[in-house]
Amino acid sequence: MKFTNKYLASLAGLGLSLLISGSILIAWQQQSISNTLPKQPKIATITWDKTRLPDWNQINFSNMPAISESGSFQAPVNVTDKLGYNPSRSWNAGQKPDSFTMLGDFQDSFKLQNFSLTDISQIANLDLQKISLDSFGVIKFQTLDSLIKAIPELKEFPISEVKPISDLLSQDLSTSLNTNQTIGSLLKQSPHLGKLSFESLDLKSYNLDSMPNLSTTTIASFDKWQGVYINKIPGLNKVPFSQFPNPINPVGTEMGIVDVAFATDEQKRNRTISGSNKEGFAVPCDRNCAHTELSGSSAVNGKAWISGKYQLVKGGKGILGSVNDGKEPTARNLFGDAFKVAVWDVSEVDGMISQSLFFRVCMRNNFVDLGCTPYFIGPVPFMTYREKEPIFLGSIDGNKNSVSTSTGLKSSGFRFNNSPIIANKKNDVISNLIPAAKGNCKNIHTSGTNVDALSSALSNTENNYNFVGNYVCDSSGNCGRELGAMQFMSSRTDIRKIISSKVGGQEFLAKLDAGKKVTGEEMTQYFSPSEQQSLIESETNNLLSTASQQIDPNTGKSFTGDRLIERASQIYIAGTNIPIDSQVSDVSSGNTIKEYSEKANTKYSQNLQSMNCF
């Protein structure tokens, strides 16, 4: 059923007014259910004018810190059709930026499309002869026509000398093929063959050298390159930011001192250096103004860099500017437009601040320009500073427009090494925010399967109890949003009963039903981790019971062992009636149902090992 909802939602034309339902930007932080914060990332730095700067000669996409909040957005079909590729994506806490950012997001900032594979290999010390054609993510988007347009020299090659093209033609033609003729002459005689797509060919069996001149062709020459993830271009995630076609550089030269860290009790800060490209970088703050007060030159002395964890500003441009309600964390573009740098956690007690990075999505090809979303994909932990430490501030200006919007979160008493849980003012929900204990080796289904290990394996959001998904509708008109660690649909009667039984629950359901933004804190207040955990355990037991009553075609007997886990996973993602080991693809992940179940089985075994249940 989950698979069906996602699949149908991806086919629904939602219209540009509902272009993309962004992730919950300032969600209730996962560290709130822990008594310690994640270990601060180690960022390679250099010293410049007594101030630490990121050493972009050593920083690349693969060694950047991982994102700490899960999220997603979904583009409707009409947008996908206009672009020629699907810019929709999701990300889980713990993923590196190269796995959720696409080439198109940086086409103006880093101009990565100007690279060829040969360029990348020389920088990243990559042996292209050992790379499969499948690893070059743009190939699956190519037709024979678009490939010839990208590499015109291919027209002069005999078909027999370019095996991927020879095999593509052979698998689609019922008549014999004269492979001694050139590719160009064949397409001239039979132009309809130019529509054949390489997506239908198993590209893993070829190396890059099997396609002449491929490695020396710039990425921008290929069709739909904008929709390829950074980690789908061999070696690109190993290229230092300083060696991009448009290298990263500091914007401005202003320095300051982290004078004092202030929590959200601070109000009315009119002299600031934070904001957005749309509103300027001096946006005032009215309330909950956690910030660091700066000292230094007359340009920054006494001014506040407001924390983006607690204040939002307007951002984005073009049609995509409406994503995430048009809001992004107040922050600064210290190193250009590729990402934004926000002051994030602020501790008066420790006298410290942390920074986090936020990315955006940009969509443009030769025919349509939809602009860029606000910087809402984050936070990706960055650098930390103590009071009295120098800090790079970039270019200072006095432009401002409007005031920032409070997220409603509080930071009073926050500590980097012992973060307290902040109770909601309306309800004391501390006990509800603490998830039920997991990992019980004795929690066994009658089939012998460990329920906790399988529950965790099926959790697409990595036990992110505050997850709130996009608003989607299936073909029957049932609409709702995926909630919590196991992505239960909000349209389910049992979920709605749990939520509506609480004070304010009906109002919360109305926000969900209207597709409005809700915070992670609201999510865990009305559908707590302990309630989720009880429901997850019940669901997992039901999945196993249902699967164990079906017959495994491989054995002719009931499903057991690994095969039972795989079948239960298939039912979970696609419903009871999904054919066994189905090869239907889940459009959100790109995996077939069978592949998904095999990965879930592997994860189940890993969970057992980490629980010491063997």
Polar side chain donor-acceptor pair, [X] to [Y], under 3.5 angstrom:
{"X": "S548", "Y": "S558", "answer": "no"}
{"X": "D452", "Y": "N443", "answer": "yes"}
{"X": "T264", "Y": "N288", "answer": "no"}
{"X": "Q311", "Y": "T330", "answer": "no"}
{"X": "D98", "Y": "N231", "answer": "no"}
{"X": "T540", "Y": "E537", "answer": "no"}

Determine whether [X] and [Y] make a side-chain contact, defined as any pair of heavy atoms from C-beta on separated by less than 4.5 Å.
{"X": "Q532", "Y": "I495", "result": "no"}
{"X": "V380", "Y": "F339", "result": "no"}
{"X": "Y85", "Y": "Q226", "result": "yes"}
{"X": "V228", "Y": "I233", "result": "yes"}
{"X": "L320", "Y": "M363", "result": "yes"}
{"X": "V403", "Y": "C285", "result": "no"}
{"X": "K232", "Y": "L103", "result": "no"}
{"X": "K309", "Y": "T407", "result": "no"}

Between L512 and V468, does a side-chain contact (heavy atoms from CB on, under 4.5 Å) hold up when you go through it step by step?
-> CA-CA 9 Å; L512 288 175; V468 181; 4.2 Å; yes
Verdict with reasoning, D325 to K327, per salt bridge (Lys or Arg N to Asp or Glu O under 4.0 Å) = CA-CA 5 Å; D325 288 337; K327 296 296 179 65; over 6 Å; no
Would you indicate whether K96, at its atom NZ, is surrounded by more than 12 heavy atoms from other residues, nucleotides or ligands within a distance under 6.0 Å?
->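 Yes, NZ of K96 has more than 12 neighbouring heavy atoms, counting only those of other groups under 6.0 Å.
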State the [atom1]-[atom2] distance between [X] and [Y], to the nearest 0.5 angstrom.
{"X": "Y375", "Y": "S276", "atom1": "OH", "atom2": "OG", "answer": "9.5 Å"}
{"X": "L454", "Y": "Y572", "atom1": "CG", "atom2": "OH", "answer": "10.0 Å"}
{"X": "F382", "Y": "S356", "atom1": "CZ", "atom2": "OG", "answer": "10.0 Å"}
{"X": "L543", "Y": "I565", "atom1": "CG", "atom2": "CD1", "answer": "12.0 Å"}
{"X": "I319", "Y": "T373", "atom1": "CD1", "atom2": "OG1", "answer": "13.5 Å"}
{"X": "H445", "Y": "L544", "atom1": "NE2", "atom2": "CG", "answer": "5.0 Å"}

For the pair F488 and F527, name the ring-plane relationship: parallel under 30°, tilted 30 to 60°, perpendicular over 60°.
->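 Because their plane-to-plane angle lies in the 30° to 60° range, the rings of F488 and F527 count as tilted.
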Applying salt bridge (Lys or Arg N to Asp or Glu O under 4.0 Å), run through K502 and E531 and close with a yes or a no.
-> CA-CA 13 Å; K502 299 176 182 177; E531 290 167 331; 2.7 Å; yes
Partner of E328 by side-chain hydrogen bond (donor to acceptor under 3.5 Å, both in side chains), out of K340, K314, R360 =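 Among K340, K314, R360, the one meeting side-chain hydrogen bond (donor to acceptor under 3.5 Å, both in side chains) with E328 is K340.
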Residues R567, D552; criterion side-chain contact (heavy atoms from CB on, under 4.5 Å); working and verdict | CA-CA 9 Å; R567 183 54 185 162; D552 184 352; over 6 Å; no
Stepwise salt bridge (Lys or Arg N to Asp or Glu O under 4.0 Å) test for K603 and E598 = CA-CA 9 Å; K603 192 173 181 182; E598 290 169 345; over 6 Å; no
Where do R563 and D581 land on the salt bridge (Lys or Arg N to Asp or Glu O under 4.0 Å) test, with the steps shown first?
-> CA-CA 10 Å; R563 288 289 289 163; D581 299 332; 3.0 Å; yes
Go through the steps for I571 and Q550 under the test side-chain contact (heavy atoms from CB on, under 4.5 Å), then give the verdict.
-> CA-CA 11 Å; I571 295 173; Q550 296 184 355; 4.0 Å; yes
Centres of the F106 and F61 rings: under 6.0 Å?
->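 Ring-ring flag for F106/F61: true, centres closer than 6.0 Å.
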Run the ring-centre check on Y310 versus W344 and record whether the distance is less than 6.0 Å.
->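 No - the distance between ring centres of Y310 and W344 does not fall below the 6.0 Å cut-off.
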Using atom types as modelled and distance alone, determine if a side-chain donor or acceptor of S99 lies under 3.5 Å from a backbone N or O of Q95.
->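 Side chain of S99 to backbone of Q95, a donor-acceptor pair under 3.5 Å: no, none is there.
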Step by step, would you call Y229 with R89 a side-chain contact (heavy atoms from CB on, under 4.5 Å)?
-> CA-CA 10 Å; Y229 287 102; R89 67 196 78 174; 3.2 Å; yes
